[in-house]
Amino acid sequence: MAALRWRFDNSYARLPEQLFSRLNPTPVPAPRVIILNRRLAGQLGLDLDLLPEDLAARLFSGNALPDGAEPIAQAYAGHQFGNFTMLGDGRAIVLGEHIAPDGGRFDIQLKGSGPTPYSRTGDGRAALGPMLREYIVSEAMHALGIPTTRSLAVVATGEEVFREAILPGAILTRVAASHLRVGTFQYAAARRDREGLQALVDHAVARHFPQLKEADRPALGLLEAVVDRQAELVAEWMRVGFIHGVMNTDNMTISGETIDYGPCAFLDQYDPGTVFSSIDHGGRYAFGNQPVAAQWNLARFAEALLPLLADDRNKAVDLAEERVVAFEDRFRARWLAMMCRKLGLAGDHPEDETLIGDLLAWMAKNDADYTNTFAALAPGAVPHGPMFADPVFADWHARWRARLSDTSLDLMRRSNPAYIPRNHQVEAALAAAVEGADLAPLHRLLEVLAQPYGRRQGWDAYEAPPQPGERVLQTFCGT
Ligand code: AMP
Ligand code: MG
């Protein structure tokens, strides 16, 4: 195991003990490697090439522990669809924090590693399909340039898990800048644990915002910084048509990384009301509602931090409110800048907002594919296809062309992916892997998604929206 060159320094395990529980993963009967992420391992300074496959299987299932690991389950709370609950890692264990060669600090977490004190009625396990789904989508998000947790390995456990059906069990190794969530702070706040809350603020500052260390009120700086990161993150989701699906406060990170790929999905046709998650009945986490949901979560974060924002309670409330309200303008500015880049619009122009709005309205009315419509727009070219023959589009196109400049092509190339993890293609690759034990479609899809910008020969099939019979209507948490 020394061959892997783990370098652990477990700062979370040094926090006040009420914030986590120490326990080992529960061993599994027959671990078998399904997929290893060699590129990510390289970035982490881990040498997988010298690791025998059976040892990799034992390591990434938790049957063997690396030197320096101090396994813990983290405590947290969360508003799940608006309802507050005390939670915690119910099926995940953080082995520790690995220090990469560039000095970066990463949580190494096993997801599906067995019951913990926070499991409630759950079995602590995960199924192969959903773990491979997280692997595919998180790696695609990374290649798209969007902050995200990453996936280092998926190992089948040789155990069955019982959901609506009997499914093969698996464990995902998740790599994250940290697993601090809005809900982590809510946990300490709900217990009126000021010591724990302060320790979490200091920990978050040290890990993610070291420039705040000397600030008068690091908690206030932290709130501002998280508001900022989330505004940026949600704008980026909307750039590529990503619908998180379960934006509960326990699934919103302090680092600004996307986390928890349960019922997430990508837009095919543009409709801001799109919801895929089977449990999101009210459309709380619909595509177009994501900024509102993010701000609601940030208000919960601000509430949790109140005791540390100011000595006077009313003053603290005022400060919190101001920072949370500021999200709206920050998001709006980020979103507008992002949409301008998608359309190749450089510089500030008062009409740009109308131009963007008119295109989106046209797309919604015509069931236009979100990814392919932007990909079809190019300076100096007229998009072809029956839909674009619409005079309403022609009028918009003429106005748009008048706004283009030398930098347009470059801006657009870097903002508009050709390939996204389309739901029907992800499902097809998962079906082949899980039901057919054929990993070839999965590897091929991962190869395409690793280079999402710029069309490539032979990859046409990956641009195709679903045929009517292929359309994925619902996604499931898989828990
Ligand atoms: P999620 O919807 O995946 O964000 O999970 C919400 C909460 O439920 C977290 O505390 C999870 O750890 C917990 N959980 C989800 N699935 C299981 C499971 N199979 N066993 C135990 N806890 C679970
Ligand atoms: Mg979660």
Side-chain angles (χ1 to χ4, degrees), residues 19-21 23 25-26 28 62 71-94 107 109-135 137-138 148-151 157 159-187 190 233 243-255 257-265 275-281 284-285 293-294 297 300-301 474-479:
L19 296 173
F20 58 90
S21 301
L23 82 165
T26 307
V28 300
I72 58 167
Q74 296 182 348
Y76 52 84
H79 277 92
Q80 301 185 299
F81 291 92
N83 302 307
F84 184 77
T85 320
M86 297 300 258
L87 300 160
D89 288 327
R91 56 164 175 169
I93 286 180
V94 176
D107 275 8
Q109 191 206 59
L110 301 181
K111 181 170 173 182
S113 52
T116 76
Y118 314 107
S119 295
R120 297 174 292 166
T121 56
D123 60 3
R125 293 301 187 190
L128 179 58
M131 294 305 99
L132 286 175
R133 194 162 188 280
E134 171 156 346
Y135 188 108
V137 183
S138 63
T148 177
T149 65
R150 298 197 58 191
S151 300
T157 58
E159 221 172 50
E160 290 173 331
V161 298
F162 301 91
R163 300 292 182 261
E164 302 87 36
I166 299 177
L167 302 167
I171 293 173
L172 171 84
T173 303
R174 179 156 73 184
V175 178
S178 83
H179 282 85
L180 289 170
R181 310 146 190 268
V182 166
T184 316
F185 292 80
Q186 289 183 289
Y187 181 84
L233 181 65
I243 307 165
H244 183 283
V246 58
M247 291 176 70
N248 296 333
T249 56
D250 50 309
N251 292 334
M252 180 184 265
T253 60
I254 300 308
S255 65
E257 288 183 342
T258 313
I259 196 169
D260 233 311
Y261 289 89
C264 69
V275 174
F276 284 97
S277 170
S278 61
I279 55 173
D280 189 358
H281 304 294
R284 181 181 176 98
Y285 301 138
N297 290 350
R300 306 290 80 75
F301 185 47
Q474 269 197 337
T475 53
F476 300 89
C477 270
T479 52

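Order of listing sets the numbers, starting from 1, for every ligand and every atom in it.
- When M86, R120, R163, E134 are checked for heavy-atom proximity to atom 8 (O) of ligand 1, R120 turns out nearest.
- Residue N251: an N/O/S atom is found under 2.8 Å from the Mg ion (ligand 2).
- The residue among G124, G262, A77 with a heavy atom at the shortest distance from atom 20 (N) of ligand 1 is G124.
- Distances below 4.0 Å separate heavy atoms of N251 from the following atoms of ligand 1: 4 (O).
- A perpendicular orientation is assigned to the rings of F185 and F301, their planes being inclined by more than 60° (bins at 30° and 60°).
- We find that R181 and D107 are not joined by a salt bridge, their nearest charged nitrogen and carboxylate oxygen being 4.0 Å or further apart.
- Below 4.0 Å from some heavy atom of D250 lie the following atoms of ligand 1, by number and element: 4 (O), 6 (C).
- For V246, the closest heavy-atom approach to ligand 1 does not fall below 4.0 Å.
- Judged by distance alone, with hydrogens and angles left aside, the side-chain atoms of T475 form a donor-acceptor pair with the main-chain N or O of P263 at under 3.5 Å.
- Ion pairing of R163 with D123 is present here, as a side-chain N (NZ or NE/NH1/NH2) and a carboxylate O approach within less than 4.0 Å.
- Side-chain atoms of S138 and T148 include no donor-acceptor pair closer than 3.5 Å.
- Although no hydrogens or angles enter the test, the distance criterion places a donor-acceptor pair under 3.5 Å between the side chain of R133 and the main chain of G262.
- Among the atoms of D260, an N, O or S atom is found under 2.8 Å from the Mg ion (ligand 2).
- Looking at Y118 next to ligand 1, no N or O pair under 3.5 Å apart turns up.
- Atoms of ligand 1 found under 4.0 Å from any heavy atom of G122 (numbered from 1 in listed order, with element): 20 (N), 21 (C).
- Between Q186 and G78, the shortest heavy-atom contact is OE1-CA, 3.8 Å.
- With T116 contributing its side chain and Y118 its backbone, the two residues share a donor-acceptor pair below 3.5 Å.
- Residue-to-ligand polar distances keep Q80 apart from ligand 1: every N/O pair is separated by 3.5 Å or more.
- Taking any N or O of G90, backbone or side chain, at least one lies under 3.5 Å from an N or O belonging to ligand 1.
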